[in-house]
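For reference, the structure is listed below as structure tokens.
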2 protein chains.
Amino acid sequence: MQLRDTVLSIPEWEALIHRAEVGEVTEPLENVDHDDPSPYDAIFVGGGAGGRFGSAYLRARGGRQLVIDKWPFLGGSCPHQACVPHHLFSEAAREMDYMRWNSGTLWFGEFDEKRASIRDLVDLFKSGRNNAHAFMNWQSKEQLGMEYVLNAPATVVDAHTVEVAGRRYTTRSLVLGTGARTDVPPIPGIHLPGVFDFASLIEELNYEPSRCVIIGGSKIALEYGSFFQATGCQTTILSRSKLMRTASLHHVDEDLRTYVVDGMLKRGVEIHEGAEPIEVVGDGSVTGVRARLADGTETTIDTDFVFIGTGERPDARPYVTALGVDLDDRGFVKVDARMRTSVPDVYAIGDLIGAPMEMFKARKCGMTAARNIMGEPYEFDFSEYPDFLHTTYEVTWVGLTEAEARDRYDDVVVIQMPPKGLVDEIALPCAEGSMLYAFTRPELTGFQKAVYDGRSRRLLGAHHVGFGAKDAFQYLDHLIRKGITIDEMGEMNELFLNPDHFIQLSRLRAGNNDLVDL
Amino acid sequence: MQLRDTVLSIPEWEALIHRAEVGEVTEPLENVDHDDPSPYDAIFVGGGAGGRFGSAYLRARGGRQLVIDKWPFLGGSCPHQACVPHHLFSEAAREMDYMRWNSGTLWFGEFDEKRASIRDLVDLFKSGRNNAHAFMNWQSKEQLGMEYVLNAPATVVDAHTVEVAGRRYTTRSLVLGTGARTDVPPIPGIHLPGVFDFASLIEELNYEPSRCVIIGGSKIALEYGSFFQATGCQTTILSRSKLMRTASLHHVDEDLRTYVVDGMLKRGVEIHEGAEPIEVVGDGSVTGVRARLADGTETTIDTDFVFIGTGERPDARPYVTALGVDLDDRGFVKVDARMRTSVPDVYAIGDLIGAPMEMFKARKCGMTAARNIMGEPYEFDFSEYPDFLHTTYEVTWVGLTEAEARDRYDDVVVIQMPPKGLVDEIALPCAEGSMLYAFTRPELTGFQKAVYDGRSRRLLGAHHVGFGAKDAFQYLDHLIRKGITIDEMGEMNELFLNPDHFIQLSRLRAGNNDLVDL
């Protein structure tokens, strides 16, 4: 279907994507200018975040691009199965948790656990996800001027040739960005019906789970686990490592970790750290998980729902076969800071090149590839970044933990709320999202900590559990890189009651020539 | 009661403040080092935000201070009657609104308006407010080392002498910070029982209002009006000017204003712009408000509850009498950028010097006075600042509106979400707080706009209606002052789904040499 000369509205796009998803439209959706004889500067294989942002940037720079995706929409797995449903579920988890703590008080009725359904939310998400897809197809075409072929898998022929929908396209550069998928742990029974990952949860869940076991202790395990528990589905997390002490999460402050994990325990999540899943037990479908716990005992947890909360791996084999790109020992495509693979003119971006599997990284990888392809030497170092996860809180952090700072600096100053020893006694921090807790359950209002170097007076790290500060951490990351000091922090204009109290707490100490804790 | 050598815990402080409030403790609460013969560098009259932060800064700089308040706690009206209850009510309003839109769907039961009570929330606030007071007394003494006399009014004798609790204290400088109070409009009947302002609402409400009329169109009118309406108390706002077009609110973008006011109308708030209240009608207590509407017709709105949503004025007469300080034509104490009044060694801070009556200003006024008193020339210009208000949304803005930018620059570029014309069609923007709306009522997910100068590529202004971006605007204000460009914005690391989409939207355009709208 050639869409070059057609402007579809958002509802029209939504309908078209739906027809493609249910198999009524099987032909490729093409927005390609076949009359333009100029060569492509880049073909992006994979239209997820990296491919789309890379395409936009390359177009903005005056280049010609083509982006190809097997799905009938641009945007990739995030709005289809990953970050968007996760955010919907996390908002639901926060809301259910809030309604539960306040059940039967003030304007809240009794919280009715029977109404809270995982399946209902999955179905709600599926019924609406094409709106975001439609918007991205619309925006990419009408606002960003991209060329694309959707609803058709690409075959990489060589570094300058891609085949899609029966046609070969040649290009100066190739950008690979086809993502990753759950690295299913090799446990007997792991493929039984009733075992899900974040993607199959969306596509396949057709019953209401009554009990949940999560295998793995990744960010996704905490996030989905908190959601399942909030719906009233008793959840057990089996994690080899301590929660938030996995290799993929860096800079997790111990006090923040304690607040987060204690918060999950308060809400009834059962957590086994140091546990080894041995077998997913079932007879036709899942009935339990057998595991060896940290103390060496074996146990079987009865469950009708298992969720895999381990990491992700790419499928890079087609690129090894067609191009000979080098992979690292975990199977990710190796790139340099310009996103160049081992093969000239071939770039790789996003989850395909490894952690962190975050949106900013995918998008900026795409931008980086585009800039280099268009002749601008540009490097992207994503070794440091602000990070977050959801439990029934928003948990955000950036920069050094207190312990890391003490390892590296000899005059570390910590400013935190609540002050050490006062967690249960005071209703601070609070702001939007935790005001009601401040007056009913002060111990639920959150936690925050800023870490400074007393000598240079620079902010080294910031750590927050609560609500409403996640957005700020994007800018705190930038400011920490620029060397922001406690004095500059204290001179900012806070929007009181600000979810992060860093500005005013910093001001209370900034007058000191020799900084001290608060 | 001399507390110098006693460490009270938070619960002990809470109990003591309570006893003072109910009249069981009438003596002053003193934390004064009477053995220290050194003179005071400053006495802060008024222990609100400005007095407390000024005291902390002066102490940190090595100065000696005394802060005095008539109330038995430091922190002033904010945690007692103003910003803290307002935030509690706004969180409740947001939650009630959310439960109402989702009533009877998913895990939400039917929203029961009869349970939603203004009085219950006022009572809840009053039952807990002493916790924040206790914390501030504790922190000011144990962490910040301040001297204070509480629960006793100060009398200013001259620029170097203050009397409190029967004792005279001499000081090198005097800092006045006793705030402001509602400027009650001179309307017949305005003093009838049933007419409240933000302070008397807290102290005196002893019935459940069934109908509300708000006189005035200030920020507080929108905020409290949205709350009253959310509880099911039908609310009418009578405003002389257009909402959010009052002199006290600057930089309100017209598209943002439209989204906010439309949102209030969608929720059933009745808004009369250009209306003139003529009389508060009543017989013993309020029964209605008579007003002239914009079209010249007169009407009487039956109501049992009137809320004054006009501005505030100080009571500066004692300082004129004792010191002869100059006032402006609205009665505020005149100061320069160092917070110096017309009288040598006398400073004034906070709401006493006029708008904006915001926390950051009060606190930074205190800091500014402290720095100058301690010999450091320091100026504070609060003519520009990030601003916010709550409806059932968080509404935040900083810098120039689109119209202001077009007046001053000839190549203005606007990047907004939803794009022009797509408000009801797409579920963007969304993030924490609006995810569920994205799948049920896309038109409720919010609005955001960034305004750039196409020539310098600098960010000129940012405007947001939604949830979770308020905290970020503190840092955006700082970054705009530093001249942040679209290119630097596009290189930041967003925490997707970020409530403000400014980073990624900027990145989609930053590749263009000639910037264009998005």
Side-chain angles (χ1 to χ4, degrees), chain A residues 10 53 56-57 60-61 83 87-88 91 96 106-107 109 112 115-116 120 124-125 128 131-132 135 143-144 359-360 363 367 385-386 388 394 425-428 432 435-436 439 468-479 492-500 503-504 507-508 511-512 518, chain B residues 10 53 56-57 60-61 83 87-88 91 96 106-107 109 112 115-116 120 124-125 128 131-132 135 143-144 359-360 363 367 385-386 388 394 425-428 432 435-436 439 468-479 492-500 503-504 507-508 511-512 518:
Chain A
I10 305 287
F53 271 69
Y57 212 93
R61 279 283 193 258
C83 23
H87 273 72
L88 174 65
E91 179 170 314
M96 290 171 184
L106 297 165
W107 69 92
D112 183 1
R115 290 191 72 111
D120 281 358
L124 177 71
F125 170 69
N131 184 263
F135 175 71
Q143 291 192 307
L144 302 172
M359 185 57 98
F360 82 89
R363 289 166 167 172
M367 174 182 79
Y385 51 93
F388 78 98
E394 297 162 29
E425 276 182 33
I426 68 160
L428 293 166
E432 280 85 10
M435 290 303 306
L436 189 52
F439 291 87
K470 193 178 112 183
D471 219 35
F473 273 69
Q474 308 173 135
Y475 304 108
L476 280 168
D477 173 55
H478 175 86
L479 291 167
M492 290 189 191
N493 300 316
E494 67 270 29
L495 292 174
F496 191 73
L497 274 62
N498 35 337
D500 89 61
I503 294 174
Q504 61 262 36
R507 186 180 303 131
L508 282 175
N512 291 75
L518 185 70
Chain B
I10 306 287
F53 271 70
Y57 212 94
R61 279 284 194 257
C83 22
H87 273 71
L88 174 65
E91 179 171 314
M96 291 172 183
L106 297 165
W107 70 91
D112 183 2
R115 289 191 73 112
D120 281 357
L124 178 70
F125 169 70
N131 184 264
F135 175 72
Q143 291 192 307
L144 302 172
M359 186 56 98
F360 81 90
R363 289 166 166 172
M367 175 182 79
Y385 51 92
F388 79 98
E394 297 162 28
E425 276 183 34
I426 67 160
L428 292 167
E432 279 85 10
M435 289 303 306
L436 189 52
F439 290 87
K470 192 178 113 183
D471 218 36
F473 273 70
Q474 307 172 136
Y475 304 109
L476 281 168
D477 172 55
H478 175 86
L479 292 167
M492 289 189 191
N493 300 315
E494 67 271 29
L495 292 174
F496 191 75
L497 275 60
N498 35 336
D500 89 61
I503 294 175
Q504 60 262 37
R507 186 181 304 130
L508 282 174
N512 291 73
L518 185 70

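Lettering of chains follows the sequences in order, A, B, ..., and the numbering in each one begins at 1.
- Comparing A:His87, A:Met367, A:Gln143 by heavy-atom pairs within less than 4.5 Å of chain B, the highest count is held by A:His87.
- By number of non-hydrogen pairs under 4.5 angstrom with chain A, the leading residue of B:Arg507, B:Met96, B:Met359, B:Glu394 is B:Arg507.
- The parts of A:Leu106 that come within reach of chain B are both its backbone and its side chain, each placing non-hydrogen atoms under 4.5 angstrom from that chain.
- Of the listed residues A:Ala427, A:Ala56, A:Pro386, the one with more heavy-atom pairs under 4.5 angstrom with chain B than any other is A:Pro386.
- Interface check for chain B: of the options A:Phe135, A:Phe473, A:Tyr385, the most heavy-atom pairs under 4.5 Å are formed by A:Phe135.
- Interface residue A:Ile426: backbone and side-chain heavy atoms are both found under 4.5 Å from chain B.
- Chain A forms the most heavy-atom pairs under 4.5 Å with one residue out of B:Asn131, B:Leu497, B:Ile10, and that residue is B:Leu497.
- Between chain A and the residues B:Leu518, B:Asp112, B:Leu428, the largest count of heavy-atom pairs under 4.5 Å involves B:Leu518.
- B:Glu432 places no side-chain N or O within donor-acceptor distance of the main-chain N or O of A:Glu91, the cut-off being under 3.5 Å.
- Qualifying ring-ring contact (aromatic ring centres under 6.0 Å, His included) partners for A:Phe125, counting only residues two or more places apart in sequence or in other chains: B:Phe439.
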Apply side-chain hydrogen bond (donor to acceptor under 3.5 Å, both in side chains) to A:Asp477 and B:Asn493, showing your working. CA-CA 8 Å; A:Asp477 173 55; B:Asn493 300 315; 2.9 Å; yes
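- For a residue to count as touching a neighbouring chain, one of its non-hydrogen atoms must lie under 4.5 Å from one of that chain's; by this rule A:Ala132 does not touch chain B.
- Of the listed residues (A:Leu495, A:Leu88, A:Asp120), the greatest number of heavy-atom pairs within a distance under 4.5 Å of chain B belongs to A:Leu495.
- For a residue to count as touching a neighbouring chain, one of its non-hydrogen atoms must lie under 4.5 Å from one of that chain's; by this rule B:Asp500 touches chain A with backbone and side chain alike.
- Listed by chain and number, the residues in a side-chain hydrogen bond (donor to acceptor under 3.5 Å, both in side chains) with B:His478 amount to none (sequence neighbours excluded).
- Remark: A:Tyr475 OH to B:Leu476 CG distance equals 4.5 Å, nearest 0.5 Å.
- A:Glu494 CD to A:Gln504 CD: the interatomic distance, rounded to the nearest 0.5 Å, is 5.0 Å.
- Note that CE of B:Met492 and CZ of A:Phe360 are 13.5 Å apart. Values are rounded to the nearest 0.5 Å.
- Relative to the ring axis of A:Tyr57, A:Arg363 does not place its NZ or CZ within 45° and under 6.0 Å from the centre.
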